[in-house]
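First the structure, in the form of structure tokens, and then the observations on it.
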Amino acid sequence: MIKKKFYLMVSIALLCCNLILVFFLLQGPKINRNEGPMRRQPNPKMVIIEKLHFDDNQVKAYEQLIDVHQNEIQQHDRAINDLKRELYLQLKSANQETKSEELIAKMCEIQSEIERAHFQHFFEIRALCRPDQIDDFDSLSEELARIFGKPPLVR
């Protein structure tokens with residue numbers, strides 16, 4: 001008799017736990033998507049198209065600029081990754097300070113080229129704008145670092 005009551009109580013407790021779990025799973029997370037670490041980054045391409053009020057022709061030209069820009073950045077990223085690989089191979093030898101400094105300097109040069117490419121890309125986007133869109137672009141330029149920057153690390 002005591003075993004039956006014990007099993008019945010355990011079964012009821014497990015059933016309650018499962019019901020509570022299902023309830024919380026159905027409710028979903030209560031996260032404000034615009035704040036905190038779970039915040040999603042907006043799609044930069046769509047932000048620019050919307051804020052500058054691009055027409056269909058401007059969108060097509062902008063997409064072509066994006067393709068060219070992404071190819072250029074990918075080439076630079078590959079070069080930096082190759083240099084990083086070579087740099088970290090220097091850890092195997094005892095004293096490669098000169099070689100490692102050269103590799104780091106090359107990476108810095110390529111990173112400078114990347115930043116110049118980004119700047120030139122936005123200059124080309126500005127050239128797509130009609131005169132009535134220039135004020136919108138100038139307003140957008142104040143937000144570019146936030147839109148295209150990496151989100152802050154959460155600790």
* L140 CG to E142 CD distance, which is reported to the nearest 0.5 Å -> 9.5 Å
* To do: Could you tell me whether the side chain of R78 reaches within less than 4.5 Å of the side chain of Q74, counting heavy atoms only?
  => yes
* Asked: Of all heavy-atom pairs between Q111 and I80, which one has the smallest distance, and what is that distance?
  -> OE1-CD1, 3.7 Å
* To do: Determine whether more than 12 heavy atoms belonging to other residues, nucleotides or ligands lie under 6.0 Å from atom CG of D132.
  => yes
* Asked: Going by the angle between their ring planes, with limits at 30° and 60°, are Y62 and F54 parallel, tilted or perpendicular?
  -> perpendicular
* Structure fact -> Heavy-atom nearest pair, E72 first then A117, reads OE2-CB, 3.5 Å
* To do: Would you sort out whether K45 and E63 count as a side chain to side chain contact (heavy atoms under 4.5 Å, CB included), showing the intermediate values?
  => CA-CA 9 Å; K45 174 183 171 183; E63 287 173 343; 3.0 Å; yes
* Asked: With side chains defined as the heavy atoms from C-beta onward, is the minimum distance between V68 and Q64 less than 4.5 Å?
  -> no
* To do: Mind listing the closest non-hydrogen atom pair of H118 and I73 along with its distance?
  => CE1-CD1, 3.7 Å
* So, for H53 and R130, which heavy atoms are closest and what is the spacing to 0.1 Å? -> O-NH2, 4.2 Å
* Using the side chain to side chain contact (heavy atoms under 4.5 Å, CB included) rule, take H76 and I110 through it: C-alpha gap first, then chi angles, then the decisive distance, then the call. => CA-CA 6 Å; H76 290 312; I110 295 172; 3.8 Å; yes
* Asked: Are I104 and L83 connected in the hydrophobic side-chain network, where two residues link if heavy atoms are under 4.5 Å apart?
  -> yes
* Flag, side chain of S112 to backbone of C108, donor-acceptor distance under 3.5 Å -> yes
* Report the distance from atom CG of L128 to atom CD1 of I48, rounding to the nearest 0.5 Å. => 10.5 Å
* Asked: Would F123 end up clustered with F137 when hydrophobic side chains under 4.5 Å apart are linked, directly or stepwise?
  -> no
* To do: Any chance you could measure Q70, atom CD, to D77, atom CG, to the nearest 0.5 Å?
  => 11.0 Å
* Could you walk me through whether C129 and L52 pass the side chain to side chain contact (heavy atoms under 4.5 Å, CB included) check? -> CA-CA 8 Å; C129 294; L52 298 181; 4.0 Å; yes
* Working to the nearest 0.5 Å, report the span between NZ of K51 and CD of E143. => 3.5 Å
* To do: Mark yes or no for whether Q58, through its side chain, and D55, through its backbone, hold a donor-acceptor pair below 3.5 Å.
  => yes
* To do: Taking the side chain as every heavy atom from C-beta outward, state whether R126 and D138 have any pair of such atoms under 4.5 Å apart.
  => yes
